[in-house]
2 protein chains.
Amino acid sequence: MVTIYDIAAKANVSAMTVSRVINNTGRISEKTRTKVKRVMEELNYVPNQMARSLVLQQTNLLFLLITDITNPFYTTLARGAEDAARKHGFRLLFGNSDEDLDKENEYLDTILKTRTDGVLVAPTGDASLPHLEMLRKHGVPFVLIDREVPGVESDIVLGDGKEGARQLVGHLAERGHRRIALINGSPHVSSARQRLEGFREALKLNDLAYSENNVLETSFGPRNDLSEVGAWLDRIDPDTTAIIAGNNFLAVEVMRSLAARGRKAPDDMSIVCFDELASYAEVDPFVTVISQQAYQFGYLGMQMLIDRIKEGEAAGPWKKIVLPSELIVRRSVKTLG
Amino acid sequence: MVTIYDIAAKANVSAMTVSRVINNTGRISEKTRTKVKRVMEELNYVPNQMARSLVLQQTNLLFLLITDITNPFYTTLARGAEDAARKHGFRLLFGNSDEDLDKENEYLDTILKTRTDGVLVAPTGDASLPHLEMLRKHGVPFVLIDREVPGVESDIVLGDGKEGARQLVGHLAERGHRRIALINGSPHVSSARQRLEGFREALKLNDLAYSENNVLETSFGPRNDLSEVGAWLDRIDPDTTAIIAGNNFLAVEVMRSLAARGRKAPDDMSIVCFDELASYAEVDPFVTVISQQAYQFGYLGMQMLIDRIKEGEAAGPWKKIVLPSELIVRRSVKTLG
DNA sequence: TAATTTAGGGTTATCGGTAACACAATTTAT
DNA sequence: ATAAATTGTGTTACCGATAACCCTAAATTA
């Protein structure tokens, strides 16, 4: 491997001079500078980031940890985060926890070991608390996205899940639906809790009954086995005419399960959900959704993270950005009587 | 920051002893081992990967560079790669080149600087040649996925694009289509070339005419501005009854552009494409596609990469895996006559 | 002309770990 | 009982870079 010493030897200068040329620091005569640069090109020199980070105590690397890389909400968010990081000269690395606390832990380990300068993280759930405390203890700045964790104070970017749920229920009520079901993520995930809360409030507001039986709390992640969803569909109140899905994947799974039972939206069951269903939604604009500004989640979150890193962690109180959600009405809801 | 020296001091041993405990190397008495371990826990010690990598000359980190993180084909591939890497104890980092040579270059820079042990890369196109030569020159093992680069010899995982195109044309011909158009990725991308070649061969095979006018070579990446696609649709041969899209996003864009013109598939135009349209395809199985085993792309590619790393680069000839493609017939093709 | 300043560049120590070797105290073999 | 092997641990040098300090020669200044 080519090192600054190789460059130094070949250019007849000291290693320090080479270092100065690389970093554009100190005083160097134009002559030496060009000479050193030529040798660097000749030898295809690439600085060793490990050595650099070791002495500088910073890596110029940021980390984005999401819970599901196959979910378009998170990949769009990732694009936003990437753009913001690049704008400030940071390099961005991704990790995918897959809604799995153990994998999250592994990535945390990687983050700590590699001494990443900061982390943008969508925690798997409330159980991520020790992971985030670990980051804090080790002085790694982080910003939460999409999900709060009770007991953790930090900068955070959230969607307005409560309001979103209210809008969805309101929309369904307007269309004449009186018995609405909810399939949701785990209650250990704040966004799921928010959506459930909004759901219950909105039911009350619209004089609709809440039925325990009509709520399934499962996981936001994709699943191969649809039997849980199917079984739930079989036992929900028979007069149910609409289902709210806590995210895009759940909506898809409900629709698949319905299809397996020979039922179809919106004729046999109305369906609405949170988050867009990928770009395909633009082709066949079918499912009525609460759309979240996924790109902004990533962009603003990353912006806050970088601000923290630059200002120093202690600068100012924690910031909380709540992004509004927007109801996009399409064709998956039937208007009743 | 806590270092092995802090541990060593507190445990009344030498730094080397601590290192031995961490890595489970050398001989350590059980008594010392537990003592050191206790101190490590007490101080929340995390090894500094920078320092470690510097002396070991390896990072235990692999890199996956894809061209579009919002495309479900690549994210599914990413899941496969991740699983394979984890299985062998490697940590995986992601990068997203966005079909952009400059961004690819930036990631390459990151890869070289951080001394990643190996790279799984979907090159942006033939112009990636110097990037790959750079990797080779610096002794970074890499495996190509999805796209070949003329002039580069390496392990590679490819789809059978020619055969896929043949199947699509065959299917359309069977359904009575005589004039078929193709919207494709850039000719500087091998997969696009393969698909075009297969397309032309299959036309001949089915006694169908090839018309220059009916082929648009654009980019595989998503675009905001659909005017190019729209303009092309307006000028293709008027007797065209079917369009083959070179990938999923192109199919979506064609359908959107058609919709903007008040036309709909399959009644006004039949559409088929390569790659699945995300999980939504399972709900409303609409577009007839050539499906590629995205997960296998990632899993097998990563497997090959790790084999190379473990065996040493020079072990054995380069391997090439060609994954078969499967035609999934759905409802986007109209039967003519 | 002597005293400063400035430009240009070299020396040394250090970041946090690990390999290679050294060495004393046991244990085992002869 | 003595030589040889084994065990457990410490020392030193080094991975590749940079900060802090030092030094010499030329350019300014008084």
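Side chains included, hydrogens not; waters and symmetry mates left out as well; all remaining heavy atoms used. Labels below follow one simple rule: chain letters A, B, ... track the order of the sequence lines, proteins then strands, and each chain is numbered from 1.
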Next on the checklist: For A:V119 and A:Y107: C-alpha separation, side-chain torsions, deciding distance, then whether side chain to side chain contact (heavy atoms under 4.5 Å, CB included) applies.
Outcome noted: CA-CA 11 Å; A:V119 188; A:Y107 275 111; over 6 Å; no
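- Note: CG (A:L56) to P (D:dT18) measures 6 Å, nearest angstrom.
- Distance CD (B:Q49) to P (D:dG16): 16 Å, rounded to an integer number of Å.
- Look at CG on A:L54: it is 13 Å from P on D:dA19, rounded to the nearest Å.
- A:F297 and A:F73 have perpendicular rings, their planes meeting at more than 60° on a 0 to 90° scale where under 30° would count as parallel.
- A salt bridge links A:R79 to A:E82: at least one charged side-chain nitrogen sits closer than 4.0 Å to a carboxylate oxygen.
- As rounded to whole Å, 8 Å separates atom C1' of D:dA17 from atom CG of A:N48.
- Under the 4.0 Å criterion applied to side-chain N and carboxylate O atoms, A:R136 and A:E133 are not assigned as salt-bridge partners.
- An OP1 or OP2 oxygen of D:dG16 is reached within less than 4.0 angstrom by a side-chain nitrogen or oxygen of B:Q57.
- Put simply, CG on B:L300 and CG on B:D155 are 12.0 Å apart, with the number rounded to the nearest 0.5 Å.
- Boundaries of the chain B contact region on DNA chain C are C:dG16 to C:dC21, first to last in 5' to 3' order (nucleotide atom under 4.0 Å from a heavy atom).
- Near DNA chain D, meaning a heavy atom under 4.0 Å away, there are no residues from residues 37-46 of chain B.
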Item to check | Base versus backbone protein contacts along nucleotides 4-11 of chain D [heavy-atom cut-off under 4.0 Å; B, S, -] | outcome: ---BBBBB
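- Between B:R115 atom CZ and D:dC15 atom P there is a gap of 14 Å when expressed in whole angstrom units.
- In this entry the distance linking CD1 of A:I7 with P of D:dG16 reads 12 Å, nearest Å.
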Checklist entry - After noting the C-alpha distance and the side-chain angles of B:V143 and B:S154, does the key distance pass the side chain to side chain contact (heavy atoms under 4.5 Å, CB included) rule? => result CA-CA 6 Å; B:V143 170; B:S154 73; over 6 Å; no
Item to check | B:R52 vs B:N48, side chain to side chain contact (heavy atoms under 4.5 Å, CB included): CA-CA, chis, key distance, verdict | outcome: CA-CA 6 Å; B:R52 212 136 185 278; B:N48 186 324; over 6 Å; no
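- Where B:N23 and A:V55 meet DNA chain C, the nucleotide closest to each residue was compared, and A:V55 sits on the side nearer the 5' end.
- Between B:E148 and B:K320, at least one side-chain N (NZ, or NE/NH1/NH2) sits under 4.0 Å from a carboxylate O, which counts as a salt bridge.
- Counted by atom type alone, B:T114 and B:T110 present zero donor-acceptor pairs between their side chains at under 3.5 Å.
- When each of A:I145, A:L305, A:N96 is checked for a side-chain contact (heavy atoms from CB on, under 4.5 Å) with A:L64, only A:I145 meets the rule.
- Contact check on A:R33 versus A:E30 returns a salt bridge, with a Lys/Arg side-chain nitrogen under 4.0 Å from an Asp/Glu carboxylate oxygen.
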